[in-house]
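Computed over heavy atoms, backbone and side chain alike; hydrogens, waters and symmetry mates excluded.
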Amino acid sequence: MPDAMELVKAMKKTAVDAMDATKPMNICYGTVEAVNPLKIRVEQKILLGAAQLMLCRNVTEHNIYVTVNCQTESSSQETREEQGMTDPGGIPEHTHNFQVQGGGASHAHTISGKKEITVHNALSVGDNVIMLRQQGGQKYIVWDRIGGM
């Protein structure tokens, strides 16, 4: 029986070696050196360009839709225009049909429904990233940042 165990070990080693030779997917780490055009240095050895990189949404600026149901904080000022409130720069924020007299008025707004928001997650110079190297090492998927932002 000892010979059978050695044969099984040899077969396992051969399978592992064959898998390593094809390198279906390896994890590697990099540092963003430039963003336009994108350049990432992999483990202080190879400098990858944008053509070699595929970015996940975790590392891009993108828009998404969210469903919200909330109310703004209450706001009040002593003087308001009758048909529209303005910010300090004079730009209308929103319109109301009321006139404020005396000590001012307070109001809030309900925000509800499906709203589009922008997620500001684009890579910056100095970001450390975790990547997956595709088979053959020609393309790298930039998966996420490592550590704090």
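With sequence neighbours excluded, the residues forming a salt bridge (charged side-chain N to carboxylate O under 4.0 Å, His left out) with Lys13 are Asp17, listed by chain and number. Taking the side-chain contact (heavy atoms from CB on, under 4.5 Å) definition, one finds that Gln71 meets it with Ala108, Thr110, sequence neighbours left out. Take Asn128 and apply the side-chain hydrogen bond (donor to acceptor under 3.5 Å, both in side chains) test, not counting sequence neighbours, and it matches Thr31. In terms of the side-chain contact (heavy atoms from CB on, under 4.5 Å) criterion, residue partners of Ile27 (sequence neighbours excluded) are, by chain and number, Tyr29, Ile130, Leu132. Under the rule for a side-chain contact (heavy atoms from CB on, under 4.5 Å), the partners of Leu47 that lie at least two apart in sequence or sit in another chain are Glu33, Lys39, Arg41. Applying the side-chain contact (heavy atoms from CB on, under 4.5 Å) rule to Val125 yields the partners Val35; only residues at least two apart in sequence or on another chain are considered. The side-chain hydrogen bond (donor to acceptor under 3.5 Å, both in side chains) search around Glu116 returns Asn63, not counting sequence neighbours.
A donor-acceptor contact shorter than 3.5 Å is absent between the side chain of Asn26 and the backbone of Arg133.
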_Criterion side-chain contact (heavy atoms from CB on, under 4.5 Å) on Leu38 and Leu55, from CA distance to verdict_ = CA-CA 10 Å; Leu38 183 60; Leu55 305 178; 3.7 Å; yes
*side-chain contact (heavy atoms from CB on, under 4.5 Å) between Cys56 and Ile141, worked out*: CA-CA 7 Å; Cys56 291; Ile141 300 168; 3.6 Å; yes
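The minimum heavy-atom distance between Ile46 and Tyr140, with the atom names listed, is CD1-OH, 4.4 Å. In terms of heavy atoms, Leu53 sits closest to Leu48 at CD2-CD1, 3.8 Å. Of all non-hydrogen atoms in His120 and Thr118, the two that sit nearest each other are CE1-CG2, 3.5 Å. Nearest heavy atoms, Met54 versus Gln134: CE-NE2, 3.4 Å.
Hydrophobic cluster membership of Ile117, counting Ile, Leu, Val, Met, Phe, Trp and Tyr whose side-chain heavy atoms lie under 4.5 Å apart directly or via other members: Ile64, Val66, Val68, Ile111, Val119.
Atom CD of Glu6 and atom CE of Met11 lie 13.5 Å apart (nearest 0.5 Å).
Using a 4.5 Å heavy-atom threshold, the side chains of Asn58 and Arg145 count as separate.
Residue pairs meeting the salt bridge (charged side-chain N to carboxylate O under 4.0 Å, His left out) criterion with at least one partner in residues 42-68, sequence neighbours excluded, do not occur; the list is empty.
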